[in-house]
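Each remark here refers to the structure printed beneath this line.
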2 protein chains.
Amino acid sequence: MSQTVDRALSILPLLAQGPADLGQVAARLDVHKSTALRLLRTLHEHGLVHRQQDQRYRLGARLFALAQEAVENLDVRDIAHPYLKELNAECGHTVHLAVREEGEVLYIDKVESRYPVRMYSRIGKPVAITVAAVAKLLLADLPEQERREIAEQLDYPQYTARSTPNPAAFLRELALVREQGWATDLGGHEESINCVGAPIRGTDGSVVAAMSVSAPNVVVTAEELLALLPLVRRTAEAISREYSGTGEPPAATAAP
Amino acid sequence: MSQTVDRALSILPLLAQGPADLGQVAARLDVHKSTALRLLRTLHEHGLVHRQQDQRYRLGARLFALAQEAVENLDVRDIAHPYLKELNAECGHTVHLAVREEGEVLYIDKVESRYPVRMYSRIGKPVAITVAAVAKLLLADLPEQERREIAEQLDYPQYTARSTPNPAAFLRELALVREQGWATDLGGHEESINCVGAPIRGTDGSVVAAMSVSAPNVVVTAEELLALLPLVRRTAEAISREYSGTGEPPAATAAP
DNA sequence: TCGAGTCGTTGCGAAGAGTGCAACGACCAT
DNA sequence: ATGGTCGTTGCACTCTTCGCAACGACTCGA
């Protein structure tokens with residue numbers, strides 16, 4: 001849309017491949033050397049481009065600083081919330097969002113069920129880490145060694161007969177979750193409550209958060225809840241795309 | 001130097017702080033909304049800016065991809081070489097550059113001594129990992145646990161009476177090197193040869209390479225070699241700045 | 001030592017690109 | 001309905017950017 005800016009930005013991917021001198025940049029852009037020089041100067045002033053002592057240009061440190069600052073200021077909760085609301089509107093059940101923090105798993109957002117019978121939980125509260133679907137999703141992404149260490153150190157309270165009984169069972173469950181890309185909690189925390197969850201991933205593919213849909217037996221059976229799995233996964237993937245800044249503008253206003 | 005590009009690039013640090021809508025961007029740039037819109041569009045087309053579903057703008061994934069691609073294509077050797085040559089010109093001794101790779105430490109560049117008596121080494125050859133200054137520097141930067149594991153698994157050949165004898169001594173040496181920010185090898189590999197070395201660090205402060213100056217006793221004493229330490233450290237820091245894309249253009253042509 | 005070649009840099013006039021304006025449509029809340 | 005906000009578009013004006021040609025610094029080889 002803007003020619004000058006367009007040209008300037010085209011320099012960046014070019015330099016990402018390695019250092020280049022003025023002539024090379026001008027040639028690749030198909031512009032006069034003087035034009036390329038002015039563009040490179042501007043990029044340089046903003047620190048996006050660095051000039052090494054052999055006079056060639058490279059991408060500069062500011063680029064890394066910007067990328068880093070951006071991820072630090074990214075808030076999963078902000079981004080996920082509208083999706084969680086939408087999911088709740090579609091299925092009616094309670095929707096949770098959780099992250100891992102210092103060895104715990106915490107709920108950081110929640111959209112309440114439309115049904116009168118609700119599950120108990122509170123934003124900011126640690127999750128039942130050995131049984132909750134979101135906890136399994138978040139821990140399943142850790143490297144194997146770390147998973148083992150954590151599994152050993154945890155307590156395994158027997159909330160119900162279906163609660164995860166011991167480290168070995170937990171590790172087996174995590175391996176399964178890791179492989180299939182989704183998780184469940186079928187009456188492991190409270191006898192009558194089931195959950196299905198899916199992971200939210202960042203740019204590098206690592207799991208940054210997890211979401212789940214929970215509903216009591218009296219409202220829907222475990223089978224009916226599991227039928228929601230594709231919807232839950234699609235939602236999680238949409239949030240992942242949005243969070244990592246990948247993918248298209250969600251809904252473009254079409255047609256002239 | 002280029003107004004349009006200048007404005008466009010000013011948007012990036014602004015968005016790094018968090019999402020912003022069109023009005024906010026226009027206000028911060030002190031331009032008309034329509035102008036801001038066109039700039040944002042161009043940035044968007046290049047993937048540097050992402051539009052979330054609430055219409056606000058954020059930094060996009062392409063920025064991270066660029067930063068990543070740039071570091072992958074960075075070659076320490078290319079960047080360091082002129083500095084190594086300069087250092088050699090100043091002190092006359094052999095200068096080495098080394099990196100860590102798959103549990104080994106390898107020489108990747110070398111500038112030969114001007115003196116007839118030279119130290120034996122070869123580019124691409126693994127260094128004596130338990131005694132060499134560059135090896136200590138590279139290993140000292142690892143997390144403590146990893147250092148311990150490596151120290152346990154190594155052999156400790158007694159090249160000389162001053163060679164590092166065992167894991168405990170090696171770990172103590174690494175801790176010292178880590179703290180003081182430089183390393184020596186005083187006759188630990190060959191009785192008559194001494195080295196002083198300093199680390200080269202990347203943007204994030206981690207050690208990406210190490211350099212050292214080596215000279216035999218017959219040319220300079222250990223004390224005389226140690227007197228070069230400030231010079232070696234300054235050189236390593238200059239390379240670090242250049243490598244991480246920080247700092248000013250090394251030597252600007254001044255004065256009108 | 002000189003001259004041919006390369007590379008980065010600068011001043012200038014032409015023209016093309018970017019700018020601000022005003023108005024429109026969509027959306028939201030009162 | 002209605003007033004407000006926000007993103008978007010077409011247009012005319014003008015400021016910015018472009019390519020050119022020429023300069024200076026530097027390297028290489030004769």
Side-chain angles (χ1 to χ4, degrees), chain A residues 1-11 14-15 18-46 48-58 60 78 81-82 85-86 89 242 248-256, chain B residues 1-12 14-15 18-46 48-58 60 78 81-82 85-86 89 248-256:
Chain A
M1 217 65 279
S2 168
Q3 189 189 79
T4 317
V5 179
D6 187 42
R7 286 174 173 171
L9 297 183
S10 301
I11 294 179
L14 197 155
L15 290 185
D21 63 30
L22 180 60
Q24 296 169 347
V25 172
R28 297 280 280 275
L29 285 186
D30 200 30
V31 297
H32 197 272
K33 279 188 305 179
S34 59
T35 306
L37 178 66
R38 281 184 279 258
L39 297 176
L40 281 166
R41 277 230 178 95
T42 313
L43 289 167
H44 181 89
E45 278 174 18
H46 284 259
L48 295 181
V49 151
H50 175 72
R51 192 155 199 194
Q52 29 187 44
Q53 85 276 19
D54 63 356
Q55 304 259 69
R56 291 189 302 167
Y57 295 92
R58 264 182 32 208
D78 273 358
H81 193 74
K85 265 199 311 194
E86 191 186 329
E242 179 78 13
E248 319 318 312
T253 39
Chain B
M1 216 79 265
S2 168
Q3 190 189 81
T4 317
V5 178
D6 187 45
R7 287 176 172 170
L9 297 183
S10 301
I11 294 179
L12 298 179
L14 199 156
L15 291 186
D21 62 30
L22 180 61
Q24 295 169 346
V25 173
R28 298 280 279 275
L29 286 186
D30 200 30
V31 296
H32 197 274
K33 280 188 304 178
S34 59
T35 305
L37 178 66
R38 280 184 278 260
L39 296 176
L40 282 165
R41 274 229 244 274
T42 313
L43 289 167
H44 181 89
E45 279 173 18
H46 283 259
L48 294 181
V49 150
H50 175 73
R51 194 153 199 195
Q52 28 187 44
Q53 86 278 20
D54 63 356
Q55 304 259 68
R56 291 189 302 167
Y57 295 92
R58 262 182 35 207
D78 273 358
H81 193 74
K85 266 199 310 193
E86 191 185 328
E248 319 318 311
T253 40

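Numbered from 1 within each chain, the chains take letters A, B, ... in sequence-line order.
Residues Gln24(A) and Arg7(B) both approach DNA chain C. Their nearest nucleotides, taken by heavy-atom distance, put Gln24(A) toward the 5′ side. For the pair Val5(A) and Tyr57(A), both in contact range of DNA chain C, the more 5′-proximal nearest nucleotide belongs to Tyr57(A).
Using a 4.0 Å heavy-atom criterion, one finds that Arg56(A) contacts no nucleic acid atom at all.
For the pair Leu39(B) and Leu29(B), the minimum side-chain heavy-atom distance is below 4.5 Å. Side-chain contact between Ser2(B) and Thr4(A) is present, with heavy atoms from C-beta onward closer than 4.5 Å. Between Gln52(B) and Asp78(A), the closest side-chain pair of non-hydrogen atoms is not below 4.5 Å. Side-chain contact between Leu12(B) and Leu9(B) is present, with heavy atoms from C-beta onward closer than 4.5 Å. Looking at heavy atoms from C-beta onward, Pro82(B) lies out of side-chain contact with Glu86(B) at the 4.5 angstrom threshold.
Taking five base pairs at each end of the helix from dT1(C)-dA30(D) to dT30(C)-dA1(D), the local helix axes there meet at an angle of 40°, rounded to 10°.
Applying the side-chain hydrogen bond (donor to acceptor under 3.5 Å, both in side chains) rule to Ser10(B) yields no partners; only residues at least two apart in sequence or on another chain are considered. Every residue was checked against the salt bridge (charged side-chain N to carboxylate O under 4.0 Å, His left out) condition with Arg58(A), not counting sequence neighbours, and none meets it.
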Under 3.5 Å, which N/O atoms of the protein pair with N/O atoms of nucleotides 22-25 of chain D?
none

Do any N or O atoms of the protein come closer than 3.5 Å to N or O atoms of nucleotides 11-16 of chain D, and which pairs are they?
residue: dT16(D); atom: OP1; partner: Gln3(B); partner atom: NE2; Å: 3.3

Would you mind building the protein contact string for nucleotides 25-30 of chain C? One character per nucleotide, 5' to 3', B for base within reach (heavy atoms under 4.0 Å), S for sugar-phosphate only, - for untouched.
------
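Rounded to whole Å, atom P of dT9(C) lies 5 Å from atom CG of Leu37(A).
Contact annotation: side chain of Thr35(B) to base of dG18(C), donor-acceptor pair absent below 3.5 Å.
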